[in-house]
Student: 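Could you have a look at this structure, given as structure tokens, before my questions?
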Number of protein chains: 2
Amino acid sequence: MAKTSTEQNGAKTLSDQAYLKLRSDIIHGVLQPDEKLRIEHLRTEYGVGASPLREALSRLAADGFVTAEGQRGFRVAPMSEEDLEDITRLRILLEKQALCQSIEHGGDEWESQIVASFYQLEKVEESAERDPAEWEMRNHDFHEALIAGCTSKWLRRFYGILYDQHKRYRNIALSTEIPRDLHQEHEELRNTALARDKKRACDAIEHHILRTAEITQRVLREESLQKKEIA
Amino acid sequence: MAKTSTEQNGAKTLSDQAYLKLRSDIIHGVLQPDEKLRIEHLRTEYGVGASPLREALSRLAADGFVTAEGQRGFRVAPMSEEDLEDITRLRILLEKQALCQSIEHGGDEWESQIVASFYQLEKVEESAERDPAEWEMRNHDFHEALIAGCTSKWLRRFYGILYDQHKRYRNIALSTEIPRDLHQEHEELRNTALARDKKRACDAIEHHILRTAEITQRVLREESLQKKEIA
DNA sequence: ATTTGCAAAAATATCGATAAAAAACTTGCA
DNA sequence: TGCAAGTTTTTTATCGATATTTTTGCAAAT
């Protein structure tokens, strides 16, 4: 039976719901970098009490989406070019590692999921609408499929955080357009992974992440220039 | 002026204090793996209300020291050989990376701190008392000094979590003895770092971490054997 | 014009009480 | 005895209220 609309996802508690909603709003730029997060205001906005909100914010602080200073409350984590570069470099290191482990340990199920999720991603990339939200989902599924064979829980955990941090930059920078030439990179990624070619797969993933980061960075730089011109 | 005893450290709020105390108690085995963490019980034990406790537990869940299941409360994160191995492998990857960056970017201050912290560690290792708590602190300072030149915030963050997770295993497994031959590994580490020899420094750190993990794992295995014999 | 001091306002952190859920414990019945 | 349904107890999650701290606003003084 379908659950109530307030708990359609895996969120059993108000705290979880608040966590997921805040997280999503930060990633999608609804809550702007550095913005103050006043409990009283969020209370009315999200329709939950102070306790679950503070719990959610504490968790978000632990994975770097908000900053917390004692007696001064919370704010959305700032964004900067250095931070993007930092995230990018570490994401490359971890995703390479996870990919290598996957190539070593992945079985039939792993291969199937790569083929399937690549196909779904391809469909979105070539479709007329090119819905960015849909693309984000499929892109995430594809990357998850690639590293699904990785057995390290900690690697998965850290990678997940970095993926979402990266996603925040992508979303804010390129909220509308999907670069067309990402597709062939995904294809190379699929082929090298299925061929169990660690070296080339790692090169492909590094190149792919660097490329998207570069695009993001360029848009980010242009935006910050515009802001300075206004000021 | 000296602060009140309840806020001698950097903890400005009750939530922070509870977080640090719980964290420390988990790392030092005061709170056992898998142990249920009942709010009402902790309330009396730690002398704070439910709200700061829940915030602290939420944060601890985010960095993997406790597990949280909706409507079922919190418990101390379990320990296992697989988890130790997982932590060990990833810690090696990250500490190598951080060390390389340090060797590249570290300046005079970085070198000085390595020499200084190594000296302090050496003193404890060769002293008659061989106080494990003192050794833990000095060991931490030395490893921190080695990677102090690393400019990546995210790498530092993740490394910090893994270091403390590793420390939990160390503490529970070897709460009393300090293996004597760790000293020469530290020396090799200091020398190769100061010589700016990335390759050898990385080998040294890998070997060092693997060695301590092996010792820990052996003790862990013996303990779990004893438990099974009793049962 | 800038700073200083203080009072008012706002926001944070925390507590105590309560509703909701899960676990433990009966009790009735085959 | 075994076990299913209902009932009590325990525990979790959440709200509303309050004490404490920070920020703001404003007037007097340098």
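Reminder, nothing fancy here: chain letters follow the sequence lines and each chain counts from 1. Values reported hereafter were calculated over all heavy atoms of this structure, with side chains retained and with hydrogens, waters and symmetry mates removed.
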Student: Please report the distance, rounded to the nearest Å, between NZ in Lys12(B) and C1' in dT22(D).
Tutor: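 Taking NZ of Lys12(B) and C1' of dT22(D), I get 13 Å after rounding.
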Student: Taking atom C1' of dT12(D) as reference, at what distance in whole Å does atom CG of Leu42(B) sit?
Tutor: 13 Å
Student: Assess, by modelled atom type and distance only, whether the side chains of Thr212(B) and His208(B) contain a donor and an acceptor separated by less than 3.5 Å.
Tutor: no
Student: For Asp164(A), run the salt bridge (charged side-chain N to carboxylate O under 4.0 Å, His left out) check against Arg91(A), Arg23(A), Arg170(A) and tell me which one passes.
Tutor: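 Option passing the salt bridge (charged side-chain N to carboxylate O under 4.0 Å, His left out) with Asp164(A): Arg23(A).
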Student: Tell me which residues in residues 65-73 of chain B lie within less than 4.0 Å of DNA chain D, going by non-hydrogen atoms.
Tutor: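 Hits under 4.0 Å, by residue number: Glu69(B), Gly70(B), Gln71(B), Arg72(B), Gly73(B).
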Student: Do you know the tightest heavy-atom contact between Ala62(A) and Arg59(B)?
Tutor: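 Heavy atoms only, the tightest pair is CB-O, 4.2 Å.
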Student: Rounded off to whole Å, could you give me the CG-to-P distance for the Leu57(B) and dT12(D) pair?
Tutor: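 To the nearest whole Å, that distance equals 10 Å.
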Student: For Glu55(A) and dT14(D), give me the distance from atom CD to atom P, rounded to whole Å.
Tutor: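 That distance rounds to 7 Å.
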Student: What are the two closest heavy atoms between Leu121(A) and Asn139(A), and how far apart are they?
Tutor: CD1-N, 3.7 Å
Student: Using a cut-off of 4.0 Å on non-hydrogen atoms, how would the nucleic acid contact of Thr13(A) be classed: base, sugar-phosphate, or nothing?
Tutor: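 Thr13(A): backbone/sugar contact only, no base atoms under 4.0 Å.
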Student: Does OP1 or OP2 of dA13(D) have a side-chain N or O of Arg54(B) closer than 4.0 Å?
Tutor: yes
Student: For Glu40(B) and for Arg43(A), locate the closest nucleotide of DNA chain D by heavy-atom distance; then report the residue assigned to the nucleotide nearer the 5' terminus.
Tutor: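 Nearer the 5' end of the strand: Glu40(B).
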Student: Specify the separation, in whole Å, of atom CZ of Arg75(B) and atom C1' of dT11(D).
Tutor: 13 Å
Student: Classify the side-chain pair Asp141(B)/Ser117(B) by whether it contains a donor and acceptor separated by less than 3.5 Å.
Tutor: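 No - no donor-acceptor pair under 3.5 Å links their side chains.
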Student: Take atom CD in Glu85(B); do more than 12 heavy atoms of anything else shown fall under 6.0 Å from it?
Tutor: no
Student: Which nucleotide span of DNA chain C, 5' end to 3' end, has atoms closer than 4.0 Å to non-hydrogen atoms of chain B?
Tutor: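 The footprint of chain B covers dA13(C) to dA23(C).
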Student: Check the angle between the aromatic planes of Trp135(A) and His186(A) and answer parallel, tilted or perpendicular using the 30° and 60° thresholds.
Tutor: tilted
Student: Considering every strand and a 4.0 Å limit on heavy-atom distances, what is the contact class for Leu53(B): base, sugar-phosphate, or nothing?
Tutor: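 Touches nothing.
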Student: Tell me the closest heavy-atom pair linking Gly64(B) and Arg157(A), and the distance in Å.
Tutor: CA-NH2, 3.5 Å
Student: Would you check, one step at a time, whether the test salt bridge (charged side-chain N to carboxylate O under 4.0 Å, His left out) holds for Arg221(A) with Glu81(A)?
Tutor: CA-CA 8 Å; Arg221(A) 200 170 290 163; Glu81(A) 275 190 50; 2.7 Å; yes
